[in-house]
Amino acid sequence: MKTYILSLVCLLSWTFVSCKPSIEIAQVQSLELSVQERLQMKQEGEEVEVQVKTTETDWSFLGGGSWLKLSKSGNKLILKGATNEELQKRKASVIVRAGELSRTIEVEQLGKAQILESGQKTYEVDQWAREITFIVDNNLEDLEVISSVSDWVKYELNPKKKEFRIIVEENKSYDERTATLYLRDADGNGDSKITIKQEGAMYYVLPYGGFNQTEEEVKAFENQRRSVLIGKPSGLANSLIGGNANLWTFETKSKAFNVIQYVIEPDERRYRNAIAWATDPRLFARDREFDKAVAFLLKEGFVPRRNSTYYSEKHECQALVAMSNEGSFIMYTFEPKQTKEMATFGQFPWGVLQDKEWRDYDRERVEAWEKANGGRLVLEEEDDGGISLVFASDEFGGMLRIYSINERNDVRPLVGVQHVFTKTDQVYYYDRGATVLTNEFATLARKEKFEFSRYLDARIFLFEHKDRTLYMGVYRSEVEDPQNKDQQIIVAKLEFLSTQLSQTDDSLDKAIITKALRRVKLTNQ
């Protein structure tokens, strides 16, 4: 409060002296709010105006938080609360200051699970034991639970706090289960029906659905369902997912699929695909178990594709149900939707592979085929026991054909063939960090009886032609720009082999491609 000031004004004259007292009193400070010390907000969020009345010319505020935003409008303090998605209440303090005075408002927001009026509420919970707390506006001493249809759901009443607490036990069965509770007061008013739906224990497990996110989100998801991180990236080759894959491995609580691995792309730190491994390596050798896996995927919104693959447009995810030498597994891969039609080859680029006996081709036969089909030799590289011949073909606009020939083998000298394209959109497109084959190229490959087998390493697509015992790997590869060694260019590569690809190390191939592209450029000039 301001001080009182007493002043004495003395009037002097030549005849007398007169003293007259004068008292000046300052206005007393005041600060009043239209809301008292406590304010309760609704769970769904709301905006509350608080009138501020003060003798001061200005006032300020502080407090709030991430869910409670504060603003000032004239003589009003605006409190805007976001929706509370949690089951429990949350609190925040707001302080209003004017001069030397301050007032505090304690704001409390109700949690998501509230029974404030009659009606029906359903809560879906996971398999684990948990508690759900409700705030009930009725007098709990008069509240009664009419029925409970299950012994795995218990409840407690706390009249002092007006809390109704439901205790849900862990579900150790694989089946989902449902329990229903009915609440009403002693007069039979305000009936409330509470339904608890609990998931069954994990059997088949979906991976984290947030494709294109980082390992931090993946770890948070697995921690939430009580998985244990048992393996971090080692850089070692994995024969199924690929060499140098960035693998994060978790042990799950599922008895049927006890291990799940995530591939986080090393360069972009993004999650692209995951694989759930069956506890029993021979699980899918039994038709009944395979059918159960398919039924699980269909229930989760996947639709059948082909060759044991299923696709969810909602999650932009492909699932592959399969069994290999490593065991039974379900592989989930990020596959963005193709939003437009894309051009591909007029016909599948077989080249010498049109001949079923392509392995019998030696250097002379390769050169003869290329000459007859407009190819010109632009590079020859020798290696231990063999040579690599690179031919360019103008008609394909930057297409290279690389032949690996083992000169020591007189019977089947041609070891492998690679086709390299600078027009990459003939084969794949790139969306949110993911390499995806175009629908048009995939259709063209299937037409020639190439069936998708699996993924290798960082989005390398493996196909198998069972009639020909022929395998094709489709790559997205970065190579040195032949005109600027400090830059990279992207190429699409089809690699054909008579044996399965298990891991990749195409550093030598990249050098050959760069040299060949440089020769092509020089020749064209």
Side-chain angles (χ1 to χ4, degrees), residues 345 347-424 426-427 441 445 448 450 456 460-465 468-477 479-480 482 489 491-524:
F345 309 105
Q347 59 185 14
F348 188 80
W350 279 106
V352 301
L353 298 159
Q354 287 177 318
D355 188 340
K356 292 183 179 181
E357 304 303 323
W358 62 274
R359 288 287 313 280
D360 297 342
Y361 278 52
D362 57 13
R363 175 170 185 154
E364 184 178 344
R365 292 184 67 182
V366 167
E367 290 179 335
W369 188 94
E370 285 291 340
K371 183 178 180 180
N373 289 274
R376 65 183 187 279
L377 181 65
V378 294
L379 183 66
E380 178 179 337
E381 290 277 316
E382 294 187 7
D383 54 27
D384 186 22
I387 58 172
S388 294
L389 300 179
V390 185
F391 290 82
S393 178
D394 292 332
E395 62 179 300
F396 287 101
M399 175 180 174
L400 302 176
R401 288 186 287 270
I402 306 174
Y403 300 88
S404 298
I405 300 174
N406 183 356
E407 293 187 314
R408 297 176 181 175
N409 190 342
D410 296 331
V411 180
R412 311 203 81 185
L414 186 54
V415 177
V417 180
Q418 296 182 46
H419 294 176
V420 180
F421 307 92
T422 54
K423 294 182 179 179
T424 59
Q426 296 177 113
V427 179
F441 177 76
E448 298 296 335
F450 277 100
L456 181 68
I460 295 174
F461 302 82
L462 299 184
F463 289 80
E464 180 179 359
H465 196 301
R468 300 275 299 273
T469 314
L470 179 63
Y471 300 88
M472 175 179 66
V474 184
Y475 296 66
R476 172 188 181 272
S477 187
V479 301
E480 180 184 308
I489 63 172
V491 298
K493 183 168 67 171
L494 309 184
E495 181 175 2
F496 299 92
L497 294 171
S498 60
T499 58
Q500 290 197 47
L501 292 83
S502 60
Q503 59 184 8
T504 61
D505 180 10
D506 61 346
S507 56
L508 180 60
D509 295 338
K510 290 182 178 182
I512 291 176
I513 293 170
T514 298
K515 288 182 181 179
L517 289 175
R518 187 177 295 119
R519 298 282 182 85
V520 171
K521 182 70 174 178
L522 292 173
T523 302
N524 289 342

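What you see below is based on every heavy atom in this structure, not just the backbone, and it leaves out hydrogens, waters and symmetry mates. One is the number of the first residue; the rest follow in order along the sequence. The structure displayed is predicted, hence computed values, not measured ones.
- Scanning both residues, L389 and I405, for their nearest heavy atoms gives CD1-CD1, 3.7 Å.
- Rounded to the nearest 0.5 Å, atoms CZ (R359) and OG1 (T469) are 11.0 Å apart.
- Considering only heavy atoms from C-beta on, W369 comes within 4.5 Å of Y403 through its side chain.
- No hydrogens or angles considered: nothing links the side chains of Y475 and Q418 as a donor-acceptor pair under 3.5 Å.
- Pairing each heavy atom of R401 with each of S393, the nearest pair is NH2-CB, 3.6 Å.
- Within the model, atoms CZ of F391 and NE2 of H419 stand 11.5 Å from one another, a figure rounded to the nearest 0.5 Å.
- Under the side chain to side chain contact (heavy atoms under 4.5 Å, CB included) criterion, E382 pairs with I387, not counting sequence neighbours.
- None of I402, V420, I513 except one satisfies the side-chain contact (heavy atoms from CB on, under 4.5 Å) rule with V390; the exception is I402.
- Annotation for L462 and G473: closest pair CD2-CA, 4.0 Å, computed over non-hydrogen atoms.
- A distance of 7.0 Å separates CD in E448 from NE2 in H465, rounded to the nearest 0.5 Å.
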Practice task
Show your reasoning for whether side-chain contact (heavy atoms from CB on, under 4.5 Å) applies to L414 and V352.
Solution key: CA-CA 10 Å; L414 186 54; V352 301; 4.3 Å; yes
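- Taking the six-membered ring where tryptophan is involved, the planes of F421 and F345 are tilted, since the angle between them lies from 30° to 60°.
- For E464, the side chain to side chain contact (heavy atoms under 4.5 Å, CB included) partners at least two apart in sequence or on another chain are K466, Y471.
- Considering OG1 of T422 and CG of L400, their distance stands at 8.0 Å, rounded to 0.5 Å.
- I489 and L517 get closest at one heavy-atom pair: CD1-CD1, 3.7 Å.
- Closest heavy-atom contact between P349 and L494: CG-CD1, 3.9 Å.
- Within a 6.0 Å sphere centred on CD of E364, heavy atoms belonging to other residues, nucleotides or ligands number 12 at most.
- By the 4.5 Å heavy-atom criterion applied to side chains, R363 and E380 are counted as neighbours.
- The main-chain N or O of D360 is never found under 3.5 Å from a side-chain atom of R412 such that the two would form a donor-acceptor pair.
- Atom CD1 of residue I460 and atom NZ of residue K493 lie 8.0 Å apart, to the nearest 0.5 angstrom.
- Across A492 and T424, no two heavy atoms sit closer than the pair N-CG2, 3.6 Å.
- A donor-acceptor pair under 3.5 Å is formed between the side chain of R468 and the backbone N or O of L353.
- In this pair, F496 and F348 present their aromatic rings perpendicular. The plane angle is above 60°, beyond the 30 to 60° band.
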